[in-house]
Amino acid sequence: MKVKLMSDVEERAEITQKREATVKQLLRRAAKRTRPSQAFSVVPDSRQTDANREFAPDRDADAIVWFLIALPVFMVAHALCVKIGAI
């Protein structure tokens with residue numbers, strides 16, 4: 001019975017060594033793999049480097065229009081809710 005136990009232990013040790021060798025080989029391959037020097041960017045460079053792009057002139061016009069449309073709609077909805085007693 002002891003002989004059988006030793007063979008099981010040896011088999012497990014051998015399997016463990018094979019797995020470790022495989023993992024080491026995969027890690028070496030991953031370390032050697034070359035990475036691209038620069039990722040491809042779909043964003044134009046002028047937008048990508050502009051620190052103040054949220055203040056760009058084309059965004060200001062849209063924001064003002066949305067504000068002037070949304071404010072009266074909100075005020076009417078609020079007045080209706082107050083009138084019916086929902087608020």
Side-chain angles (χ1 to χ4, degrees):
M1 190 136 216
K2 289 184 180 179
V3 174
K4 182 169 172 72
L5 288 176
M6 289 301 289
S7 65
D8 288 342
V9 171
E10 289 174 358
E11 286 179 28
R12 288 182 190 163
E14 188 176 329
I15 291 172
T16 303
Q17 287 177 350
K18 286 181 182 178
R19 286 182 183 168
E20 287 177 0
T22 304
V23 169
K24 286 180 183 178
Q25 184 181 15
L26 291 172
L27 288 173
R28 280 190 204 113
R29 284 184 190 171
K32 289 180 183 178
R33 192 179 316 157
T34 59
R35 295 184 181 144
S37 61
Q38 189 175 14
F40 179 74
S41 176
V42 294
V43 179
D45 290 334
S46 62
R47 289 285 189 190
Q48 189 175 11
T49 58
D50 185 11
N52 294 317
R53 64 180 176 264
E54 64 270 13
F55 302 113
D58 61 334
R59 292 183 182 235
D60 289 341
D62 292 341
I64 292 171
V65 171
W66 277 108
F67 177 74
L68 292 176
I69 292 172
L71 183 62
V73 170
F74 175 76
M75 295 299 292
V76 169
H78 184 267
L80 288 173
C81 289
V82 168
K83 190 73 171 174
I84 62 172
I87 297 178

Report, one line per pair, each donor and acceptor closer than 3.5 Å where one atom sits in a side chain of residues 12-21; sequence neighbours left out.
unit_1, atom_1, unit_2, atom_2, d
T16, OG1, R12, O, 2.7

Nearest 0.5 angstrom please: L26 CG to R29 CZ, how far? 6.0 Å
Same hydrophobic cluster for F67 and I64, using side-chain heavy-atom links shorter than 4.5 Å among ILVMFWY? yes
So which atom in L68 and which in P72 form the shortest heavy-atom distance, rounded to 0.1 Å? O-CD, 2.9 Å
